[in-house]
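Data block below; observations after.
As the structure is a computational prediction, the values presented were derived from the model and not from experiment. Order of the sequence lines fixes the chain letters, A, B, ..., with proteins taken first and strands second; residue numbering starts at 1 for each chain.
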Amino acid sequence: MPESPITPRARDFAAWYQDVVLQGDMAEPAEIVKGCMVIKANGYAVWELLQRELDERFKACGHQNVYFPLLIPESFLKKEAEHVEGFSPELAVVTHAGGKRLEEPYVIRPTSETIIGYFFSRWIQSYRDLPLLLNQWANVMRWELRTRMFLRTTEFLWQEGHTAHSNHQEAVEEVLRILDIYADVAENVMAMPVIKGVKTASEKFAGALRSYSIEAMMQNGLALQAGTSHDLGQNFGKAFNVQFQSSEGRLDYVWQTSWGVSTRLIGGLIMSHSDDKGLVLPPKLAPVKCVIVPIYRREDEKSRVLETAHRLAADCQAKVDDREGQSPGAKFFHWERRGVPVVVELGPREVAAGNAVLKRRDTGAKETIPQQELPGRLQSALAQMQLDLYQAARRRLQENTVLANSLAEVESILKDATAERGGGKFVMAHLKDDPQCDARLKEFKATVRNIPLKDEYDGPGKCVITGEPVDRRVVIAKAY
RNA sequence: CGGGGCGUAGCGCAGCCUGGUAGCGCACCUGCCUUGGGCGCAGGGGGUCGGAGGUUCAAAUCCUCUCGCCCCGACCA
């Protein structure tokens, strides 16, 4: 990837985002395959780190990984009325195979509730088989009209958890436990603050009783749904006849949940922290945490500097950029745009004095430190950067969240909140969970992101549209 | 799927209007020289001009169709 200029955020946020993805060597459009992308090594390494964080949390509460087929009989999708209605417009269908037309077409999974429901019905007989706690890491395909790398592509990678329980309460606990895991990873690993909440009826997953989400704010003020967790009730249990016998001998349908996060998180990560110089990665998700750039002029300097560089690198798991024929300046730019959290400059001056210069990606601050302190100082710089990124994102979220007490106020805030100018807002207003209210917001190109689980404002009030009493304020915003 | 923009060397572009040897910058290769924020000089390699069809003696250039990408909208993780 040749290194080209990056469009400043203030000039064109969408162009900036694309430049950062490309120049950070995270991904590129597949071009020959509509709507798809190639996730490059740097981007995939971030995904692997995220996967590990999520996977160990899932396993810690008893989930096991499995894998179901990519292809699903078309008839399966139709078994849950709301589900088929929600997904049919974006399905890719396989009609031919082995040189013949298939008797029944397969759809390429847009999500796996249906095929998993089928197998659940074969595997579950008794309450002793419950809860069944499964997760799969997979690719899915949704034929999107408009794609953006990581944020929305036709094919994407995700995990989808699917669980079955003997009662509703336990299923709801599961849904909320997972939502907490998502929020924990978003905030403490990705350094991306999120709002946990319930989706409105019209925004919920097709086929769910209730959907919960975590919502994040990007640097332009647009909302990003970063993860969802669904209480499926008995809808799929009934559609696929997943019955179990209770300890009292009664036959009942299972209560199911499903939940997922996708490679979209990487888009959120990029839009949370990166700057006009390129990618900024929080240390916990940086595949390379530290690069040492050696600086030398003469042969004798070169050997001494490189020797010191490799010795220091071994002590703190850093990478030495010892490429020939590249000036130190070129190397600084290279690692900067790839989001490496800390770069260490090491030249003859430092070697002579027993020092090293440590530079943080986010602040650009340089610090000269004794070499023997490097491992410790590096660790503390990384830890501090992780915290600082979170704090900066948190502050941005707070500063761009505003209260509105009438529909006119909601409208005027959203009208001024053009993302192109980086002025997107989260508007907190009282609003009834009613499809007609959601529809009104469409006039402002906004949606209810969610109804926060935790009310951080003033409690009950009157809906700004219907005037009816509602419990708390909801998050209204323009979204990706 | 509608509106707009764009497809010419790995990347960024010029050439197209007015048809006539396919160019420039960066990157790449070789050599020398350099290295504290994108070094320099010299030489060199690399192209079915997105694809198909048509007009023409002749098409990157004109016409028709098609595919893809980006932006804006309607639908969505």
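Straight-line distance from the OH atom of A:Tyr17 to the C1' atom of B:C70: 14 Å, rounded to whole Å. Regarding A:Phe444, its CZ atom lies at a distance of 18 Å from the C1' atom of B:G73, rounded to whole Å. When the P atom of B:C11 is taken as reference, atom CG of A:Asp19 falls 15 Å away, rounded to whole Å. A straight line from CD of A:Gln18 to C1' of B:C6 spans 12 Å, rounded to a whole angstrom.
Taking the P atoms as reference points, B:U21 lies 34 Å from B:G4, given to the whole Å. Rounded to whole Å, the separation between the C1' atoms of B:A14 and B:U8 comes to 10 Å. Taking the P atoms as reference points, B:C41 lies 11 Å from B:G25, given to the whole Å.
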Criterion side chain to side chain donor-acceptor pair (under 3.5 Å) on A:Asn450 and A:Lys199, from CA distance to verdict: CA-CA 5 Å; A:Asn450 66 22; A:Lys199 284 291 191 184; over 6 Å; no
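If you check every strand for non-hydrogen atoms under 4.0 Å, A:Pro294 touches nothing. Residue A:Gly268 is out of contact with every strand shown, counting any heavy-atom pair closer than 4.0 Å. In this structure, A:Leu224 reaches neither bases nor backbone, as no heavy-atom distance under 4.0 Å exists between it and the strands shown. Across all strands shown, A:Thr228 has no heavy atoms under 4.0 Å from either base or sugar-phosphate atoms. Residue contacts shown for A:Gln225 are limited to sugar-phosphate atoms, with no base heavy atom under 4.0 Å away.
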Would you list the protein and nucleotides 74-76 of chain B atom pairs, both N or O, that sit under 3.5 Å from each other?
residue : atom : partner  : partner atom : Å
B:C75   : OP1  : A:Lys442 : NZ           : 2.9
B:C76   : O2'  : A:Glu144 : OE2          : 3.3
B:C76   : O2   : A:Arg152 : NE           : 2.1
B:C76   : O2   : A:Arg152 : NH1          : 2.9
B:C76   : O2   : A:Arg152 : NH2          : 2.1
B:C76   : N3   : A:Arg152 : NH1          : 3.2
B:C76   : N3   : A:Arg152 : NH2          : 3.0

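Residues passing the salt bridge (charged side-chain N to carboxylate O under 4.0 Å, His left out) test with A:Arg349, sequence neighbours excluded: none. Residues forming a salt bridge (charged side-chain N to carboxylate O under 4.0 Å, His left out) with A:Arg177 (at least two apart in sequence, or on another chain): A:Glu174.
Nearest nucleotide to the A:Pro328 side chain, out of B:C69, B:U35, B:C71: B:U35. Relative to the side chain of A:Arg297, the nucleotides B:G36, B:U35, B:C69 differ in distance, and B:U35 lies closest. Looking at the side chain of A:Glu350, the nearest of the listed nucleotides B:G38, B:G36, B:U35 is B:G36. Closest to the side chain of A:Thr153, from the set B:G36, B:C69, B:A77, is B:A77.
Residue order along RNA chain B, read from the 5' end via each residue's closest nucleotide, puts A:Gly35 first among A:Gly35 and A:Glu155. Take the nearest nucleotide of RNA chain B for A:Arg148 and for A:Pro29: the residue whose nucleotide is more 5' is A:Pro29.
Applying the 5.5 angstrom centroid cut-off and the 30 degree plane-angle cut-off, the aromatic ring of A:Trp158 is not stacked upon the base of B:A77.
Considering every non-hydrogen atom in both A:Val344 and A:Cys290, the closest pair reads CG2-SG, 3.7 Å.
The shortest side-chain heavy-atom distance between A:His162 and A:Gln256 does not fall under the 4.5 Å cut-off. For the pair A:Leu157 and A:Tyr44, the minimum side-chain heavy-atom distance is below 4.5 Å. Counting only heavy atoms from C-beta outward, the side chains of A:Leu279 and A:Asn42 approach each other to under 4.5 Å.
Under the Watson-Crick or G-U wobble criterion, with both distances below 3.5 Å, B:G68 is paired with B:C6. Across all strands shown, the partner of B:G73 is B:C1, judged by Watson-Crick or G-U wobble contacts whose two distances both fall under 3.5 Å. For B:A22, there is no paired nucleotide, since no Watson-Crick or G-U wobble pair has both relevant distances below 3.5 Å.
Classified by interplanar angle (parallel below 30°, tilted 30° to 60°, perpendicular above 60°), the ring pair A:Phe76/A:Tyr118 is tilted.
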